*Asks:* 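Have a look at this one before I ask anything.
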Amino acid sequence: MNPRARLWLVVLGGAGLAALLAAACLRLPGFGGGHHPYGDRAVHAALTRHTANTIASVNFDQRAFDTMGEMAILFAAVLGCVVLLRQARDEHRDRPRPAEVAPPVRRYALVVLPVALVTGLYVIAHGQLSPGGGFQGGVVAATAVHLMYLGADYAALERVRPVESFEAGDALAASAYLVLGLAGVPAGTAFLANTPLPYGTFNTLSSGGTVPLLNAAIGMEVACAVVVLLARFLDQAVEIEEESGK
């Protein structure tokens, strides 16, 4: 495709997007009012299904199908990075040399690592009760593991981060989300409808029906995906080199 054709493609695509955004803005409710048709319905639905965090109810109950799409986007993005960053024929793998880490950095990283990891798991587990959830907690938990790289060296990180296991965990978590969505279909409900499980006692870890399970599946998928993504980039930065040695 020549530059002129690409320019026309961008112009036409941008014009179409601008028209859709303008049409959507014209149908928005009044700004600054005390009543919001969507917000009031979302809160009512969350309370009806014993989900204290309305955002979690929207993500994993009222619009759980949209969340599945976001999960699929992340899964596809990580898969694309894995393919693009794989070792090429003109590259070889060298074992990294042991790194010298300043004692204050080592102490700080090793002290913060378990705290950050527990914080990420806590955010995932309490996603249906308080701000946060699987997406945020998964990123926190995944990046916490990589404090081992700062506090020790790359070899220590590899020992606590078997990439193959995290790749399998990513696929299993994505599959678990789909299986949970299909659980109520044999009973005659819609895909991802929050019906197979009882809603439980409000404001407890077991409340919300399928919301905490879908949230946990997303947390596992995000954590594993981020670990795999960072592993491939670190491989390129630390181990994989061109045959020329550059």
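We're numbering straight along the sequence, starting at 1. A quick note: this is a predicted structure, and the numbers were derived from the prediction, not measured.
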*Asks:* Are the side chains of Glu158 and Val163 in touch, meaning some heavy atoms are under 4.5 Å apart?
*Replies:* no
*Asks:* Sequence neighbours excluded, which residues qualify as salt bridge (Lys or Arg N to Asp or Glu O under 4.0 Å) partners of Asp61?
*Replies:* Arg49
*Asks:* Connecting only ILVMFWY residues whose side-chain heavy atoms lie within less than 4.5 Å of each other, what is the rest of Val58's hydrophobic cluster?
*Replies:* none
*Asks:* Rounded to the nearest 0.5 Å, what separates atom CD1 in Ile218 from atom CE in Met220?
*Replies:*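 The CD1 atom of Ile218 sits 12.0 Å away from the CE atom of Met220.
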*Asks:* Tell me if a side-chain donor or acceptor on Asn203 pairs with a main-chain N or O of Ala52 at a distance below 3.5 Å.
*Replies:*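 Pair absent, no side-chain N/O of Asn203 close to backbone of Ala52.
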*Asks:* Taking the side chain as every heavy atom from C-beta outward, state whether Leu230 and Tyr149 have any pair of such atoms under 4.5 Å apart.
*Replies:*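 Leu230 does not reach Tyr149 side chain to side chain.
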*Asks:* What side-chain hydrogen bond (donor to acceptor under 3.5 Å, both in side chains) pairs are there with at least one residue in residues 3-17, not counting sequence neighbours?
*Replies:* none
*Asks:* For Leu129, which fellow cluster members are found when Ile, Leu, Val, Met, Phe, Trp and Tyr are connected by side-chain heavy-atom distances below 4.5 angstrom, either directly or through intermediates?
*Replies:*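 Reading the cluster by chain and number, Leu129 sits alongside Leu205.
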*Asks:* For the atom pair CD (Glu221) and CZ (Phe135), what is the distance rounded to the nearest 0.5 Å?
*Replies:*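 Rounded to the nearest 0.5 Å, the CD-CZ separation comes to 8.0 Å.
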*Asks:* If you take all heavy atoms of Asn215 and Phe60, which pair is closest and at what distance?
*Replies:*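 So the two residues come closest at OD1-CE1, 3.4 Å.
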*Asks:* Can you give each donor-acceptor pair under 3.5 Å made by side-chain atoms of residues 62-84, sequence neighbours left out, with the distance rounded to 0.1 Å?
*Replies:*
from  : atom 1 : to    : atom 2 : distance (Å)
Gln62 : NE2    : Ala42 : O      : 3.1
Gln62 : NE2    : Ser57 : OG     : 2.8
Arg63 : NE     : Asp66 : OD2    : 2.8
Arg63 : NH2    : Asp66 : OD2    : 2.5
Thr67 : OG1    : Asn59 : O      : 2.4

*Asks:* Taking only residues two or more places apart in sequence, or in another chain, which ones meet His50 in a ring pair (Phe, Tyr, Trp, His ring centres under 6.0 Å)?
*Replies:* none
*Asks:* Determine the minimum heavy-atom distance between Pro186 and Ala183, stating which atoms define it.
*Replies:* CD-O, 3.4 Å
*Asks:* When you compare the side chain of His146 with that of Arg161, does any pair of heavy atoms fall below 4.5 Å?
*Replies:*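 Heavy-atom side-chain distance check passes, below 4.5 Å.
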*Asks:* Would you mind reporting whether Leu85 and Asp235 have side-chain heavy atoms less than 4.5 Å apart?
*Replies:* no
*Asks:* Starting from Leu178, can I reach Leu180 by hopping between I/L/V/M/F/W/Y residues whose side chains sit under 4.5 Å apart?
*Replies:* yes
*Asks:* In the hydrophobic cluster built from side-chain contacts under 4.5 Å, what are the other members alongside Val101?
*Replies:* Val105
*Asks:* With side chains defined as the heavy atoms from C-beta onward, is the minimum distance between Leu147 and Leu110 less than 4.5 Å?
*Replies:* no
*Asks:* Between Tyr199 and Thr51, is there a donor-acceptor pair closer than 3.5 Å when you use the side chain of the first and the backbone of the second?
*Replies:* no
*Asks:* Roughly how far, to the nearest 0.5 Å, is the SG atom of Cys224 from the CG atom of Leu229?
*Replies:*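 Reported to 0.5 Å precision, the distance equals 12.5 Å.
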*Asks:* Can you name the side-chain hydrogen bond (donor to acceptor under 3.5 Å, both in side chains) partners of Asp40, sequence neighbours left out?
*Replies:* His35
*Asks:* Kindly indicate, with the supporting measurements, whether the criterion side chain to side chain contact (heavy atoms under 4.5 Å, CB included) is fulfilled by Phe202 and Leu47.
*Replies:* CA-CA 8 Å; Phe202 182 76; Leu47 295 177; 3.9 Å; yes
*Asks:* Taking salt bridge (Lys or Arg N to Asp or Glu O under 4.0 Å) as the cut-off, I'd like each qualifying pair that reaches into residues 165-185, sequence neighbours left out, listed once.
*Replies:* Glu167-Arg232
*Asks:* What's the spacing between Leu7 CG and Leu12 CG if we round to 0.5 Å?
*Replies:* 9.5 Å
*Asks:* Does atom OH of Tyr108 have more than 12 heavy-atom neighbours from other groups under 6.0 Å away?
*Replies:* no
*Asks:* Answer with yes or no whether the hydrophobic clustering places Leu234 together with Leu150; edges join I, L, V, M, F, W, Y residues whose side-chain heavy atoms lie under 4.5 Å apart.
*Replies:*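 In one cluster: yes.
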*Asks:* If you round to the nearest 0.5 Å, how far is OG1 of Thr119 from CD of Gln136?
*Replies:*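 Atom-to-atom, Gln136:CD and Thr119:OG1 are 14.0 Å apart.
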*Asks:* What are the two closest heavy atoms between Ala141 and Leu117, and how far apart are they?
*Replies:* O-CD1, 3.8 Å
*Asks:* Would you mind listing every salt bridge (Lys or Arg N to Asp or Glu O under 4.0 Å) that reaches into residues 178-196, with sequence neighbours excluded?
*Replies:*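 The answer is none; no pair qualifies.
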*Asks:* If every non-hydrogen atom of Ala56 is compared with every non-hydrogen atom of Gly127, which pair is closest and at what distance?
*Replies:* CB-O, 3.3 Å
*Asks:* Could you tell me which residues satisfy side-chain hydrogen bond (donor to acceptor under 3.5 Å, both in side chains) with Thr195, sequence neighbours excluded, listed by chain and number?
*Replies:* Thr189
*Asks:* Flag the pair Tyr177 / Leu192 as yes when at least one side-chain heavy-atom distance between them is below 4.5 Å, and no otherwise.
*Replies:* yes
*Asks:* Restricting to salt bridge (Lys or Arg N to Asp or Glu O under 4.0 Å), what partner residues turn up for Arg106, sequence neighbours left out?
*Replies:* none
*Asks:* If I compare all heavy atoms of Ala217 with all of Ala173, which pair ends up nearest, and what's the gap?
*Replies:* O-CB, 3.5 Å
*Asks:* Measure across Pro196 and Thr210 and return the closest heavy-atom pair with its distance rounded to 0.1 Å.
*Replies:*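 So the minimum-distance heavy-atom pair works out to CD-CG2, 3.8 Å.
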*Asks:* State, yes or no, whether a side-chain contact exists between Leu213 and Leu197 at a heavy-atom distance under 4.5 Å.
*Replies:* yes
*Asks:* Are Val123 and Val222 connected into the same hydrophobic cluster when the rule is that any two of I, L, V, M, F, W, Y join if their side-chain heavy atoms are below 4.5 Å apart?
*Replies:* no
